[in-house]
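Each ligand, and each atom within it, is numbered from 1 in the order the structure gives. Throughout, numbering of the chain's residues begins at 1 and tracks the sequence.
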Amino acid sequence: MQVPLLDLKPPTAELRAGLDAAYRRVLDSGWFLLGRELEAFEAEFAASVGTRHGIGVANGLEALQLVLLARGIGPGDEVIVPANGYIATWLAVSQVGARPVPCEPDPRTYNLDPARVANLLTHRTRAILPIHLYGLPADTAALHTLAAPRGLLVLEDAAQGHGARLAGRTVGALGHAAAFSFYPSKNLGALADAGAVTTDDDALAERLRHLRNYGSKVRYQHEFQGMNSRLSELQAAFLRVKLPHLAEWNARRVRLAARYRERLAGIPDLTLPWTPPNAQPVWHLFVVRTARRDALQRHLTTAGVGTQIHYPVPPHLTPAYASAGWRPGDFPIAEQLAAEVLSLPIGPHHTEEQIDHVCAAVREFFSR
Ligand SMILES: *Cc1c(COP(=O)(O)O)cnc(C)c1O
């Protein structure tokens, strides 16, 4: 049996008729940017998150950058970011000219540890930017407690968290603004690059609508130096077909995660993901930990199981950030995670039989 980590053909097949109709609708309209499909998707997506505004943009990285730009965060400012996340979060901060200040994760959740964030705040700190890593909501309540008295922003990197909930609220409505990616492999994925910002802040939403379109409210009149970061009509139309299925597809992920948990319980050298009681994760990834990670990965490859490491090198040790002068040992928890995490296949179109095959192969490895 083959169990790919990810296969983007089944979701397209399931929704084929709707996607074909959306494609024809956009082609027939003769209108390809900043039109009715985008407006409708923005309203539908914001409603699903529970915010007043949704602003479609070109991708997740630019969604983050645009929020920082819109709030005037730039040179001389510091933004707290996860030491163990995806590099995009750091890059967004660097690319607006501000300084990413890495913070170690809570070793149980792998999300930003509020107690450690508290020690990193300076008079230059402007924002705290957690990732809802692997689809588990970060502890934004504790981050707001730190941020509020100092007037700091809590901004969400929600690229892995579509539909996840924390204490009854949906990811994307947990901070002052949230950045989503609709990269094809995300829980809500377009058929190309796409992204969005959600927020309840009217002034921020207005500014983002102009910033994504050359800083222009009226054509050829430029209020500020904006970007070109538009979500196309075609991708908006595809996303409108997929959005109504997000909850059901997330529910399938939840069922498969429960199956993993049941079948992988009690292996001494294997750490399963931990979920805080008030969180409802959406299992963008199902990430296990073991000191024997590389051997386990080789074993699973032989058994026909696709895996991946998210992420093998923490940003502070990448050549991209060499100029910052970080050294191995600066963020030991992030570094240990990079050495031990392994993502097992999970997605709405994996079958229980496939998950059972993965679990049997994992058990076989640890029984030797
Ligand atoms: C995917 C991802 C991004 C970037 O999204 P793009 O649409 O690829 O630019 C940012 N942050 C995290 C945590 C991601 O997983």
Side-chain angles (χ1 to χ4, degrees), residues 5-6 8 41 45 54-69 79-96 100 102-103 105 109-112 127-138 140 143 154-164 171-172 174-175 177-198 208 212 227-232 235-236 238-239 242 246 250 253 281-287 308-316 318 320-321 334 337-338 341 343 346-347:
L5 182 72
L6 177 75
L8 293 177
F41 173 67
F45 188 64
I55 302 97
V57 299
N59 56 61
L61 174 61
E62 290 179 2
L64 287 165
Q65 279 182 37
L66 284 161
V67 168
L68 297 168
L69 279 177
V79 177
I80 312 283
V81 296
N84 60 311
Y86 185 50
I87 198 169
T89 320
W90 288 48
L91 290 176
V93 175
S94 303
Q95 286 170 0
V96 301
C103 180
T109 63
Y110 315 148
N111 274 329
L112 262 193
I128 306 171
L129 177 41
I131 303 175
H132 305 297
L133 196 64
Y134 309 147
L136 175 69
T140 46
L143 297 177
V154 176
L155 304 173
E156 304 169 69
D157 182 334
Q160 303 187 0
H162 317 72
V171 153
L174 299 172
F180 284 90
S181 164
F182 307 120
Y183 182 77
S185 68
K186 308 292 189 187
N187 287 37
L188 178 61
L191 307 188
D193 279 311
V197 176
T198 52
L208 286 167
R212 74 173 172 192
M227 293 171 52
N228 173 0
S229 186
R230 298 177 292 226
L231 197 171
S232 77
Q235 295 309 322
F238 288 150
L239 285 164
K242 293 183 113 180
L246 175 64
N250 279 341
R253 290 175 185 266
V282 289
W283 303 104
H284 174 59
L285 297 168
F286 190 90
V287 177
Q308 188 60 261
I309 297 164
H310 297 99
Y311 299 91
V313 183
H316 71 279
T318 59
Y321 281 96
L337 287 174
V341 292
S343 302
I346 193 163

Handout entry: Contact check, side chains of P82 and L112, non-hydrogen atoms, under 4.5 Å
Key = yes
Practice task
May I ask you to identify the nearest protein heavy atom to atom 9 (O) of ligand 1, giving residue, atom name and distance to one decimal place in Å?
Solution key: L61 N, 2.9 Å
Fill in the blank from the handout: Of all protein heavy atoms, the one nearest atom 7 (O) of ligand 1 is S181 OG, 2.6 Å
Problem - Check against ring pair (Phe, Tyr, Trp, His ring centres under 6.0 Å), F182 and F41 - result: CA-CA 12 Å; F182 307 120; F41 173 67; 5.5 Å; yes
Practice task
May I ask whether E62 has any heavy atom positioned less than 4.0 angstrom from an atom of ligand 1?
Solution key: no
Problem - Atom of L208, atom of V197 and distance for their closest heavy-atom approach - result: CD1-CG1, 3.6 Å
Problem - Heavy-atom nearest neighbour in the protein, as seen from atom 11 (N) of ligand 1, with distance rounded to 0.1 Å - result: D157 OD2, 2.8 Å
Problem - Nitrogen or oxygen of Y183 less than 3.5 angstrom from that of ligand 1 - result: no
Exercise for the section: State, with a plain yes or no, whether a side-chain heavy atom of K242 is found less than 4.5 Å away from one of L191. Expected result: yes
Exercise for the section: Among all protein heavy atoms, pick the one closest to atom 10 (C) of ligand 1 and tell me residue, atom and distance. Expected result: A88 CB, 3.4 Å
Exercise for the section: May I ask you to check whether L64 has an N/O atom sitting below 3.5 Å from an N/O atom of ligand 1? Expected result: no
Handout entry: Winner among G135, A159, P184 once heavy atoms are compared against atom 3 (C) of ligand 1
Key = A159
Completion exercise
Nearest non-hydrogen contact to atom 2 (C) of ligand 1 from the set Q160, H284, K186 belongs to K186
Problem - Minimum heavy-atom distance between A320 and I87, given as atom pair plus value - result: CB-CD1, 4.1 Å
Handout entry: Gap between atom CG of L337 and atom CD1 of I309 - 0.5 Å precision
Key = 12.5 Å
Exercise for the section: Establish, yes or no, whether a centroid distance under 6.0 Å links the rings of F180 and H162. Expected result: yes
Handout entry: Part of I131 within contact of ligand 1 (heavy atoms, under 4.0 Å)
Key = side chain
